[in-house]
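Accompanying notes for the structure given below.
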Amino acid sequence: MTVRVRFAPSPTGQPHIGNIRTVVFNWLFARQHHGKFILRIEDTDRRRYAPDAVKVIKDSLRWLGLDWDEGPDIGGPYGPYVQSQRVELYREKAEELIEKGWAYRCNCTPERLERVREEQRARVETPMYDGHCRNLPPDAISPDEPHVIRLKVPREGTTTVHDSLRGDIIFENRLIDDQVLLKSDGFPTYHLAVVVDDHTMGITHIMRGDDWISSTPKRVLLYQALGWKPPIYAHVPLVLGTDGKKLSKRHGAVSIADFRKQGYLPDALFNFLTLLGWSPGEGEEQEIFSREELLERFDITHVNLASAVFSYDKLDWMNGVYIRAMSREELLQQLIPFWQQAGMIPTPVPTEVLPTLETLVPLVQERLKTLRDVVLLTDFIFNDIETPPAASLIGKKMTAEESLAALRAVHAFLGRLVDFDAETMEPQMRQLATELGLKAGQLFNIVRVATSNKKVAPPLFGCLEALGRKTTLQRLARAREVLSDWVEEERDAR
RNA sequence: GCCCCUAUCGUCUAGUCUGGUCUAGGACACAGGCCUUUCAAGCCUGCGACAAGGGUUCGAAUCCCUUUGGGGGCACCA
């Protein structure tokens with residue numbers, strides 16, 4: 001049997017990290033069994049339909065490296081892969097269910113249904129359809145008048161959902177609502193469409209969030225009614241926000257596009273997502289896994305059954321690990337769009353700024369958690385800085401006069417340095433510090449603040465090289481003036 | 001309210017099926033230290049959990065029951 005699994009999003013918005021984690025599990029499962037991974041668009045809700053959503057979904061999947069074998073754009077033997085193009089099929093099946101006595105027409109108005117629910121709530125009962133149209137004669141409601149078609153759920157007995165991770169889950173039929181299968185606009189509801197499609201598309205395994213568990217008996221009933229064999233179900237736990245609630249837009253940036261914008265790497269995110277709820281077990285302590293390793297080792301039966309809280313801490317760390325593992329050239333290419341987006345360098349990149357970027361890459365590589373961090377880390381290289389306040393230019397355990405002398409000395413020294421590069425600078429700057437009777441750190445920190453207006457920055461000499469002699473000297477001169485003025489004011493005050 | 005799922009450090013988890021090797025292991029985060037021109041990175045150390053109560057057993061994180069906690073569902077949404 002060929003494994004066939006699917007991702008069936010409804011195009012209502014951005015796919016978010018919780019859903020995508022489930023998709024990752026599906027994809028991994030399909031690929032490791034040499035099966036098919038199918039994309040199907042469930043656009044039966046015409047009110048919530050967002051035209052851009054399909055493109056966004058596809059982009060997100062592609063960015064994460066989750067390729068599909070059959071789908072709306074590429075077709076396949078079981079098409080079409082868009083539900084709105086399959087409505088005839090659902091109508092046929094709904095009519096078939098009526099004929100078999102498994103469904104019935106219902107023309108109750110939304111107002112009546114709401115009223116019934118209100119009354120039930122008032123009596124502290126579970127709100128569900130009261131069966132008003134359930135036992136009407138077959139011709140009581142004409143197919144031509146507005147109506148819905150409901151599933152005729154048995155009033156007695158139980159329905160068992162086989163979940164391959166949890167075992168049998170048993171539901172009492174009397175608590176299952178007579179679910180609408182076909183809406184009055186002629187479109188199917190999710191429950192009917194998904195069963196018809198999964199069966200006709202030959203889906204063998206369904207892995208999805210456990211928020212679906214309670215609707216599964218309705219589907220099992222539908223399979224029975226249609227005389228079909230249900231697929232194998234595996235309900236995987238939900239991903240929760242740090243507040244412990246089901247992850248949603250409320251939790252801020254949780255869409256795949258957002259992660260991309262923030263500078264997370266697809267491989268890191270993929271790795272992280274796989275480990276959210278799954279682990280290799282057996283005392284294995286490795287956490288960084290390549291896609292190939294994951295394909296080899298992932299095992300759906302090892303996923304945790306309790307929901308997992310999504311937290312950025314570990315993802316940030318893991319993303320950093322992946323960034324550090326990149327080649328410099330690769331990282332450079334990844335970083336350029338972020339510099340450009342921040343308006344720090346033009347598009348396309350002028351050849352004369354390339355050497356500056358190349359100098360910067362190794363300096364920032366082990367300091368980045370996300371690619372976007374490069375903006376804050378290197379803004380002072382590309383943008384003009386505020387002149388640092390005089391007080392910040394005074395070195396540790398030094399007087400203002402000593403600091404001023406150091407600035408003067410450095411300015412003079414860098415002005416006459418022949419090769420303005422980090423390698424040449426460093427040993428000579430160390431020597432200069434010694435000559436001034438300073439520790440290297442004392443001198444370097446003054447220079448750092450003078451040239452960046454930051455207490456914390458990437459390694460000094462590389463930064464100076466990237467900055468270039470001209471800018472470096474200008475900033476040193478400005479700092480020198482500020483400190484000099486300050487020293488004089490202090491002197492006058494005394 | 002009713003139904004369903006679930007329960008190990010703050011977080012992700014190993015261990016649970018096949019009780020003893022668990023004074024519960026790892027990772028992230030946090031704290032301290034080393035290294036060091038700042039910050040990172042790296043290395044070392046520390047902090048920190050079997051939800052509670054009953055059973056079963058010579059022995060329970062592991063099996064059973066109850067309670068409690070957490071999550072989800074109860075639409076002409078998916």
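The chains referred to below are lettered A, B, ... by the order of the sequence lines, with proteins before strands, and numbering in each begins at 1.
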Pair listing, side-chain hydrogen bond (donor to acceptor under 3.5 Å, both in side chains) test, anchored in residues 317-327 of chain A, at least two apart: N271(A)-Y322(A)
Looking only at heavy atoms, which two atoms of S452(A) and F380(A) are closest? And how far apart? CB-CD1, 3.4 Å
Categorize P237(A) for me: base, sugar-phosphate, or nothing, with a 4.0 angstrom heavy-atom threshold over every strand shown. nothing
Do any N or O atoms of the protein come closer than 3.5 Å to N or O atoms of nucleotides 26-35 of chain B, and which pairs are they?
residue: G26(B); atom: O4'; partner: E285(A); partner atom: OE2; Å: 3.4
residue: A27(B); atom: O4'; partner: E287(A); partner atom: OE1; Å: 3.1
residue: A27(B); atom: O2'; partner: E287(A); partner atom: OE1; Å: 2.3
residue: A27(B); atom: O2'; partner: K314(A); partner atom: NZ; Å: 3.3
residue: A27(B); atom: N3; partner: K314(A); partner atom: NZ; Å: 3.0
residue: C28(B); atom: O2'; partner: D313(A); partner atom: O; Å: 3.4
residue: C28(B); atom: O2'; partner: K314(A); partner atom: N; Å: 3.2

Identify whether any heavy atom of L305(A) sits under 4.0 Å from a base atom; if not, whether one sits that close to sugar-phosphate; answer base, sugar-phosphate or nothing. sugar-phosphate
For atom CE of M429(A) and atom C1' of U38(B), their distance in whole Å: 14 Å
Below 4.0 angstrom from OP1 or OP2 of G71(B), is there any side-chain N or O of K245(A)? yes
In B/S/- notation, 5' to 3', how is nucleotides 13-18 of chain B contacted by protein heavy atoms closer than 4.0 Å? SSS---
Quote, to the nearest angstrom, the C1' distance that separates U23(B) from G48(B). 15 Å
Quote, to the nearest angstrom, the C1' distance that separates A49(B) from C34(B). 30 Å
Atom pairs under 3.5 Å, N or O on each side, protein against nucleotides 75-78 of chain B: can you list them with distances?
residue: C76(B); atom: O2; partner: S184(A); partner atom: N; Å: 2.8
residue: C76(B); atom: O2; partner: S184(A); partner atom: OG; Å: 2.8
residue: C76(B); atom: N3; partner: S184(A); partner atom: OG; Å: 3.0
residue: C76(B); atom: N4; partner: C108(A); partner atom: O; Å: 3.4
residue: C77(B); atom: OP2; partner: K183(A); partner atom: NZ; Å: 3.1
residue: C77(B); atom: O2'; partner: D45(A); partner atom: OD2; Å: 2.8
residue: C77(B); atom: O2'; partner: R48(A); partner atom: NH2; Å: 3.0
residue: C77(B); atom: O2; partner: R48(A); partner atom: NH2; Å: 3.4
residue: A78(B); atom: OP1; partner: T44(A); partner atom: OG1; Å: 2.8
residue: A78(B); atom: OP1; partner: K183(A); partner atom: NZ; Å: 3.0
residue: A78(B); atom: OP2; partner: Y190(A); partner atom: N; Å: 3.0
residue: A78(B); atom: O3'; partner: E42(A); partner atom: OE1; Å: 2.9
residue: A78(B); atom: O2'; partner: S10(A); partner atom: OG; Å: 3.3

Which value, in whole Å, describes the distance between the C1' atoms of nucleotides U62(B) and C22(B)? 11 Å
C43(B) to A51(B) separation - C1' atoms, rounded to the nearest Å: 37 Å
Check against side chain to side chain donor-acceptor pair (under 3.5 Å), R219(A) and Y190(A): CA-CA 10 Å; R219(A) 296 156 65 148; Y190(A) 175 75; 3.3 Å; yes
Gap in Å between the two C1' atoms, one belonging to U37(B) and one to G32(B), rounded: 22 Å
Pairwise 5' ranking along RNA chain B for L240(A) and T126(A), keeping only the more 5' one: T126(A)
Please report the distance separating the P of C44(B) from the corresponding atom of A61(B), rounded so that it comes out in whole Å. 31 Å
Polar-atom pairs under 3.5 Å, protein N or O versus N or O of nucleotides 63-69 of chain B: list them with distances, or write none.
none

Rounded distance in Å - CE (M318(A)) to C1' (A41(B)): 17 Å
Residues passing the salt bridge (Lys or Arg N to Asp or Glu O under 4.0 Å) test with D185(A), sequence neighbours excluded, are R46(A)
Taking atom P in both G55(B) and G71(B), compute the distance separating them and give it to the nearest angstrom. 31 Å
Considering only atom C1', compute the distance from A60(B) to G46(B) and round it to an integer number of Å. 30 Å
Tell which nucleotide pairs with G46(B), taking only Watson-Crick or G-U wobble pairs whose two distances are both under 3.5 angstrom. C30(B)
Sorted by chain and residue number, the salt bridge (Lys or Arg N to Asp or Glu O under 4.0 Å) partners of E287(A) (sequence neighbours excluded) come out as K314(A)
Under the 3.5 angstrom rule, does the side chain of E465(A) hit a backbone N or O of A422(A) as a donor-acceptor pair? yes
Does C2(B) have a Watson-Crick or wobble mate here (both distances under 3.5 Å), and if so which one? G73(B)
Residues in ring-ring contact (aromatic ring centres under 6.0 Å, His included) contact with F289(A), at least two apart in sequence or another chain: none
Electrostatic pair E426(A)-R430(A), nearest N-O below 4.0 angstrom: yes
With sequence neighbours excluded, residues passing salt bridge (Lys or Arg N to Asp or Glu O under 4.0 Å) with E96(A): K93(A), K100(A)
Looking at T189(A), L192(A), V148(A), L97(A), which one forms a side-chain contact (heavy atoms from CB on, under 4.5 Å) with L182(A)? L192(A)
Would E156(A) and N173(A) count as a side chain to side chain donor-acceptor pair (under 3.5 Å) here? Give the steps. CA-CA 6 Å; E156(A) 291 170 353; N173(A) 290 339; over 6 Å; no
With ring centroids as reference points, do Y264(A) and F272(A) lie under 6.0 angstrom apart? no
Ring centroids only, cut at 6.0 angstrom: are F310(A) and Y312(A) within range, meaning strictly under it? yes
Which residue, L368(A) or S311(A), contacts RNA chain B at a nucleotide closer to its 5' end, judged by nearest heavy atom? S311(A)
Not counting sequence neighbours, which residues clear ring-ring contact (aromatic ring centres under 6.0 Å, His included) with F7(A)? List them please. none
Report the C-alpha distance between Q334(A) and E330(A) in whole Å, list the side-chain angles of each, state the deciding distance to 0.1 Å, and finish with yes or no for side chain to side chain donor-acceptor pair (under 3.5 Å). CA-CA 6 Å; Q334(A) 294 284 329; E330(A) 201 182 348; 5.8 Å; no
Check the pair V194(A), R40(A) against side chain to side chain contact (heavy atoms under 4.5 Å, CB included), reporting the backbone distance first and the verdict last. CA-CA 10 Å; V194(A) 82; R40(A) 183 176 73 220; 3.5 Å; yes
Distances under 3.5 Å between nitrogen or oxygen atoms of protein and nucleotides 43-48 of chain B:
none

Strand partner of A7(B), provided both Watson-Crick or wobble distances fall under 3.5 Å: U68(B)
What is the distance, to the nearest angstrom, from the CZ atom on R367(A) to the P atom on U36(B)? 16 Å
Quiz item: cation-pi between R150(A) and Y129(A), 6.0 Å / 45°: yes
Quick one: are the ring centres of F25(A) and W278(A) less than 6.0 Å apart? no
Assigned partner base of U16(B), Watson-Crick or wobble definition, under 3.5 Å: none
Would you say D421(A) and T424(A) are linked by a side-chain donor-acceptor pair, where the criterion is simply a distance under 3.5 Å? yes
Straight-line distance of L247(A) CG to S307(A) OG, nearest 0.5 Å: 11.5 Å
Where along residues 152-171 of chain A does a heavy atom come under 4.0 Å from RNA chain B, residue by residue in number order? R166(A), I169(A), F171(A)
